[in-house]
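We're numbering straight along the sequence, starting at 1. Atoms within each ligand, like the ligands themselves, are counted from 1 in listed order.
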Amino acid sequence: MRRPLVAGNWKMHGSRETVTQLVQSLLQSEVVGVDRVVFPSLIHLSSVVDAVSGQFSVGAQVCASQQEFGAFTGEVAAQQLADLGCQFVLVGHSERRQLFAETDAVVAQKFMAALQAGLIPVLCLGETLAERESEQTEQVVLRQLAAVLDVGGVSAIAKSVLAYEPVWAIGTGLTATPEQAQAVHKILREALAKKDAQVAELVRIVYGGSVKAASAAELFAMPDIDGGLVGGASLNAQEFAAICRAAEQ
Ligand code: 13P
């Protein structure tokens, strides 16, 4: 049985005041049997780690690709994130791939740097609308997965979480249908099963892309969808709590 995971990616949102309020509201909701993770901006990580005192896990939205400390102005090392109390880090989010030119190779390096530091990488995979319309979805997500498999092998994937996030569904209000999402999750799990059936069975694959409380239960009911990676709706504590409760069932 895979334990559901619901994560909130706060992206570049929030001030010290609003982040404090959000954390306080989140701490009031009780959810059983679901791993909850929040991904604040780097500058808010320390205060959020202190405030959640173990009730949630905390992750960073980015880390450096370099495994060792060094002269990399502006970067934050995975081991610095671990030292701060983070447990997770997002890698390969489509906004990083598209807006900050992170290639498959860079994503794989960041994935390995995260593992090396003892963090759990959440590897984001997903196709653009043009890729879906030209029936390249499978090819794209398998290529993105292979970039990490080639470097770290299936044992590296075993220590991670996968997040299927179709680019056309992110921040658009256009959620993939449960069937569309399930089909891709199944493709990913089957690809892993060819390498190692047990890893395929155990790895959590969460869905992201306009997840709302209203759509969460149907998505999470699908056999290969193990939770969600929530953007906009995670900035509202009530909405996020409702999404977490949908994962309880
Ligand atoms: P939205 O839920 O705002 O579509 O964002 C999804 C996402 O990118 C989470 O990482």
To the nearest 0.5 Å, tell me how far H185 NE2 sits from I187 CD1.
10.5 Å
When you pair each N or O of ligand 1 with protein N or O atoms, which pairs come out under 3.5 Å?
residue	atom	partner	partner atom	Å
ligand 1	2 (O)	S210	N	3.4
ligand 1	2 (O)	G231	N	2.9
ligand 1	3 (O)	G232	N	2.8
ligand 1	4 (O)	G171	N	2.6
ligand 1	4 (O)	S210	N	2.7
ligand 1	5 (O)	K11	NZ	3.3
ligand 1	8 (O)	K11	NZ	2.8
ligand 1	8 (O)	H93	NE2	2.8
ligand 1	10 (O)	N9	ND2	3.0
ligand 1	10 (O)	H93	NE2	2.9
ligand 1	10 (O)	E165	OE1	3.2
ligand 1	10 (O)	E165	OE2	2.9

Just verifying a value: how many Å separate S57 OG and Q87 CD, rounded to the nearest 0.5 Å?
4.0 Å
NE2 of H93 to CG of L90, rounded to nearest 0.5 Å, is 6.5 Å
Under 3.5 Å, is there a donor-acceptor pair between the Q61 and W10 side chains?
no
Test: K11 and E95 ion pair at under 4.0 Å
yes
Is the closest basic N to carboxylate O distance between R2 and D226 below 4.0 Å?
yes
